[in-house]
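Structure record follows, encoded as structure tokens.
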Amino acid sequence: MDYQFKEIEQKWQKHWAQNQTFKAEQDSSKPKFYVLDMFPYPSGAGLHVGHPLGYIASDVFSRYKRLKGFNVLHPMGYDSFGLPAEQYAIQTGQHPALTTETNINTYRKQLDQIGFSFDWNREVRTSDPAYYKWTQWVFMQLFNSWYNLETDRAEDITSLIEKFNAAGSADVKAVCDEEVASFLPSDWAVMSAEQKQEELLKYRLTYLRESTVNWCPALGTVLANDEVKDGYSERGGHPVEQKKMMQWSMRISAYAERLLQGLNTIDWPEPVKEMQRNWIGKSVGASVRFKIEGADAAVLGTDYIEVFTTRVDTIFGVSYLVLAPEHELVAALTTPGQEVAINNYITQTKKKSELDRMADTKTVSGAFTGSYVINPVNGECVQLWIADYVLAGYGTGAVMGVPSGDQRDWLFARHFDLPVVQILDAQKDIELQADATKEGKYLNSGFINGLRYAEATQTLNTWLEERGAGKAKINYRMRDAIFGRQRYWGEPIPVYFKDGLPYLIKEEELPLLLPEIDKYLPTETGEPPLGRAEDWSYEDQYDYELSTMPGWAGSSWYWYRYMDANNGTAFASKEAIQYWKDVDLYIGGAEHATGHLLYSRFWNKFLKDLGYVQEEEPFKKLINQGMIQGRSNFVYRVVDADGKGTNTLVSYGLRKEYKTSALHVDVNIVENEILNIEKFKLFRPEFEQAEFILENGKYICGVEVEKMSKSKFNVVNPDILIENYGADTLRMYEMFLGPIEQSKPWNTNGIEGVFKFLRKFWRLFHNEAWVFHVEDGVPSKAELKALHKIIKKVQDDIERFSFNTSVSSFMIAVNELTELKCKNRQVLEDLVVVLSSYAPHICEELWSLLGHKAGSLSFVSYPEFKPEYMVEDEFSYPISVNGKTRLNLSLSLALEPSAIEQAVLSNEDVQKYLEGKTPKKVIVVKGRIVNLVI
RNA sequence: GCCCGGAUGGCGAAAUUGGUAAACGUUGCGGUCUCAGAAGCCGUUGGAGUACAAUCCUUGAGAGUUCGAGUCUCUCUUCGGGCACCA
């Protein structure tokens with residue numbers, strides 16, 4: 001029988017499912033290997049050819065690791081809470097759970113067709129109450145924890161209470177809110193329960209606080225920083241504004257340093273690490289206090305302004321100080337004479353959107369408050385300004401202006417005619433621009449004159465600290481993550497309110513189920529959708545929290561659930577976590593760099609602090625698969641003088657001769673840019689009578705690379721390819737396309753080549769009459785060489801994630817063996833094993849035809865590479881003369897190293913070049929002559 | 001502006017530590033088989049050159065190191081990604 005891929009693939013997919021071939025068990029006799037894909041959000045559109053790319057790569061890797069004797073965990077699930085299902089619910093009234101269920105079924109059907117070796121017993125869905133029970137549980141642990149800087153880890157809140165009982169707040173070194181009360185144990189003892197709760201909330205790792213948030217009116221919810229791009233929501237692209245709201249937050253800032261340091265221990269793509277480093281944004285510097293001239297602490301609440309700087313060494317060059325317009329002291333420090341100017345400036349700033357403010361970096365603007373501050377190092381009195389180039393949200397919202405060392409400060413000083421003071425002898429041309437050098441020695445700088453950068457910084461930090469005027473400080477750009485969303489389709493937060501304070505429900509009351517509501521919109525009073533739920537209160541009297549958790553909550557720990565997916569008493573058993581530990585290989589898109597991948601590391605570190613998990617980092621090795629873009633085709637419709645489309649279409653090469661407009665055309669009716677006109681008429685009936693202006697008898701279409709989307713008619717559906725060529729061809733072709741990490745447009749053109757290869761491979765095992773035919777016996781040298789070349793190559797390629805080169809090598813190997821008319825059982829059997837990771841269905845079929853037990857192929861040993869089979873009697877010996885002319889000599893293998901040199905020099909061709917002379921220089925690399933210089 | 005990553009035939013690409021650039025696939029062209037098509041098989045497909053060959057040139061541009069550079073160093077061009085009044 002010819003290669004009947006449809007029957008073969010259905011047969012083996014059924015076999016794997018029925019026999020649960022890929023069910024993973026804890027088995028300590030084998031080393032474990034955990035291969036994870038980023039689980040998908042099941043969208044209604046189903047899979048296009050780009051989606052499975054990463055899944056195929058991880059499946060090839062998983063199957064390969066099984067052959068190598070590893071106990072492989074390779075699960076799959078769905079990140080099934082999210083906005084699209086909810087938006088759909090708003091439009092249609094259909095419950096998001098139903099939409100989600102339908103979409104998941106579509107996904108599963110499509111995934112199954114590709115022949116993945118997932119262990120579906122471990123499937124998870126983040127919207128399943130049995131799953132989100134544990135997401136809520138993690139939330140509770142966070143609420144019950146604080147970050148102790150002394151032990152540098154999260155601890156149970158009871159250890160904080162003990163500290164308060166014993167010594168008040170004095171001993172406590174914690175990551176907490178800025179305004180925490182300082183109190184004695186006796187103060188603590190007399191506090192009411194409510195006061196205590198209020199105080200503790202400032203320390204909890206998840207907390208409720210009034211904070212400035214990104215509010216998206218169109219979506220009716222707040223968004224985390226990573227969900228906002230350039231002032232617009234990442235999902236939907238709606239405008240986002242700043243707003244003050246009571247919000248749940250996660251104290252991820254407590255882990256800033258550990259998240260940063262951990263990056264050095266994991267094998268991730270450098271760009272992703274770099275993005276996380278940027279996001280965390282560590283800057284080492286100092287905070288310095290500038291006394292306010294003539295300030296009364298009793299009236300103002302303070303008598304100094306604190307600034308953060310990374311260049312404390314430039315402090316003698318300070319010629320002014322700037323506050324952010326939103327700084328809380330601005331109003332109090334504005335003198336009556338400046339009030340109008342300052343208020344105008346603030347109004348002006350407010351009008352500018354966040355976007356404008358970021359985009360407009362050239363205009364210098366600001367206003368003088370009328371107040372002065374005193375430079376602590378030299379007692380100099382400098383002006384206090386406000387300007388919108390200073391951001392309220394970073395550092396202290398106040399900056400010292402050093403025009404000679406910072407270009408922005410320089411521009412500001414020039415614009416408002418403030419002094420520019422040189423502070424380093426190495427600074428050049430400071431009349432023209434700032435010079436941020438750290439070279440040279442200080443001048444005009446009081447007690448650091450003559451010192452160099454490192455020394456000066458040290459001296460200043462000590463000097464300032466001794467006088468209580470400042471100290472060395474590390475600042476992080478990363479803010480705490482906003483955790484609440486005013487949406488329906490997410491995990492309910494397991495909290496109720498009593499006297500305005502939040503309390504956790506009891507652990508045994510989990511999961512707190514998402515209540516049913518009539519409409520998926522905010523209430524008339526502006527409360528989140530959960531406000532519509534009737535009879536939904538805690539102990540029939542207390543209100544539940546109405547926000548739900550953000551999309552990243554469920555995905556921040558899911559890899560642990562796979563370890564023990566059906567556990568009802570813990571998120572995963574201790575034994576399972578101990579055995580599977582962490583993810584060895586994680587494959588997914590780079591778009592999650594500062595979202596999912598950062599939050600996951602955060603929760604993982606937290607769970608480790610509490611002793612629930614083993615490893616500090618969850619994902620040892622990360623691969624970012626590239627995006628597959630669409631490749632759109634166009635036809636060109638001739639446009640008449642009025643700009644109206646006519647009924648004439650012109651081929652790509654001739655379109656310049658007419659006025660045309662381009663129309664998308666379905667890529668599935670175009671082959672090698674040649675339009676199938678008959679199919680086109682069916683696709684666009686309005687052009688049934690159209691005239692086609694052809695070139696060389698063909699209609700050529702235009703091409704452009706765009707995002708794959710239905711509206712652009714450039715979506716290639718894997719189902720159709722599987723129908724025409726089979727899953728094995730699709731799998732191999734996707735791997736063949738190019739390096740896994742590279743983004744590229746999809747082009748179905750080359751798929752024939754892979755299909756031909758699989759047919760050739762099938763033919764190797766059959767005679768002319770398509771009867772299965774292999775021969776026992778001893779393989780020839782040439783056969784063994786071809787086989788062992790591919791054994792080695794595939795092994796090396798997979799280990800370095802170079803899947804595309806493996807596919808090429810398979811083609812070469814099969815061509816060689818076809819040439820050799822190889823029918824040898826031993827050779828062909830090994831070949832089946834080697835190929836089975838890429839094309840599992842056809843290999844299973846051949847494996848069983850070879851007389852092996854069905855399904856055993858996935859767990860046999862990968863053939864051992866034997867270098868001795870690679871050796872030939874003669875070897876080809878390239879040599880260059882004068883680094884230019886190349887000679888290819890053929891030498892006997894039997895030669896000793898010393899004899900090789902003799903053989904080379906006495907070779908006829910070499911002699912021709914030498915013309916009787918001895919070479920001036922003989923260059924030997926790894927014991928071989930590679931070049932002769934004459 | 002700053003930080004990463006790229007640039008190799010018509011196209012996708014290969015070249016793992018510096019050692020015969022373009023493997024493998026595709027497209028195009030020619031042939032074979034066939035009533036015909038599909039499928040298969042064979043040849044050819046970077047450029048110059050020639051009757052055939054020999055030979056020379058070619059990895060975005062320019063320089064450098066080296067016997068030898070797609071690979072290493074510097075400068076530039078350009079494309080992609082990230083960050084961006086971050087003090």
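Below, chain A is the first sequence line, B the second, and so on; all start at residue 1.
The distance from atom CZ of A:F308 to atom P of B:rA87 is 7 Å, rounded to the nearest whole Å. When rounded to the nearest whole Å, the span between OH of A:Y725 and P of B:rU26 equals 11 Å. Rounded to whole Å, atom P of B:rA13 lies 13 Å from atom CH2 of A:W746. In this structure, the CH2 atom of A:W385 is 17 Å from the C1' atom of B:rC85, given to the nearest Å. When the P atom of B:rC86 is taken as reference, atom CG of A:L391 falls 8 Å away, rounded to whole Å. What separates CD of A:E741 from C1' of B:rA13 is a distance of 16 Å, to the nearest Å. Counting to the nearest Å, the P atom of B:rC86 and the CH2 atom of A:W279 are 16 Å from each other. The separation between A:K793 atom NZ and B:rC24 atom C1' is 10 Å, rounded to whole Å.
Under the side chain to side chain donor-acceptor pair (under 3.5 Å) criterion, A:R289 pairs with A:Y304, sequence neighbours left out. Looking at residues two or more places apart in sequence or on another chain, you find a salt bridge (Lys or Arg N to Asp or Glu O under 4.0 Å) between A:D313 and A:R311. Every residue was checked against the salt bridge (Lys or Arg N to Asp or Glu O under 4.0 Å) condition with A:K471, not counting sequence neighbours, and none meets it. Residues satisfying the salt bridge (Lys or Arg N to Asp or Glu O under 4.0 Å) criterion with A:E673, sequence neighbours excluded, are A:R631. Listed by chain and number, the residues in a salt bridge (Lys or Arg N to Asp or Glu O under 4.0 Å) with A:R277 are A:E270, A:E274 (sequence neighbours excluded). Scored by the side-chain contact (heavy atoms from CB on, under 4.5 Å) test, A:D796 finds A:K792 as partners (sequence neighbours excluded).
Within the structure, every side-chain polar atom (N or O) of A:N624 is placed at least 4.0 Å from both OP1 and OP2 of B:rG81. Within the structure, every side-chain polar atom (N or O) of A:Y389 is placed at least 4.0 Å from both OP1 and OP2 of B:rA87.
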Under 3.5 Å, which N/O atoms of the protein pair with N/O atoms of nucleotides 1-7 of chain B?
none

Please write out the pairs of protein N or O atoms and N or O atoms of nucleotides 37-41 of chain B separated by less than 3.5 Å, giving the distance to one decimal.
residue	atom	partner	partner atom	Å
B:rA39	O3'	A:R759	NH2	2.8
B:rG40	OP1	A:R759	NH2	2.4

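In this structure B:rG1 sits in a base pair with B:rC83, meeting the Watson-Crick or G-U test at under 3.5 Å. Searching all strands for a Watson-Crick or G-U wobble partner of B:rU8 with both distances below 3.5 Å returns nothing. Figure legend. B:rG30 is base-paired to B:rC42; pairs are counted as Watson-Crick or G-U wobble with both atom distances under 3.5 Å. Across all strands shown, B:rG19 forms a Watson-Crick or G-U wobble pair, both distances under 3.5 Å, with B:rC67. In this structure, B:rA54 makes no Watson-Crick or G-U wobble pair, since no nucleotide meets both defining distances under 3.5 angstrom.
A:D409 comes within 4.0 angstrom of no nucleic acid atom, judged by non-hydrogen atoms across all strands. A:P745 comes within contact range of no nucleotide atom at all, as no heavy-atom separation falls under 4.0 Å. Nucleic acid contact for A:N804: sugar-phosphate only, since backbone atoms but no base atoms lie under 4.0 Å from a heavy atom of the residue.
Using bins of under 30°, 30° to 60° and over 60° for the plane-to-plane angle, the ring pair A:Y733/A:F736 lands in the tilted bin.
A 4.5 Å side-chain heavy-atom check between A:I740 and A:E734 finds every atom pair outside the cut-off.
Here salt bridge (Lys or Arg N to Asp or Glu O under 4.0 Å) pairs that include residues 740-756 of chain A, with residues two or more places apart or in two chains, number zero.
For B:rG25, the base is anti relative to its sugar; the glycosidic angle deviates from 0 by more than 90°.
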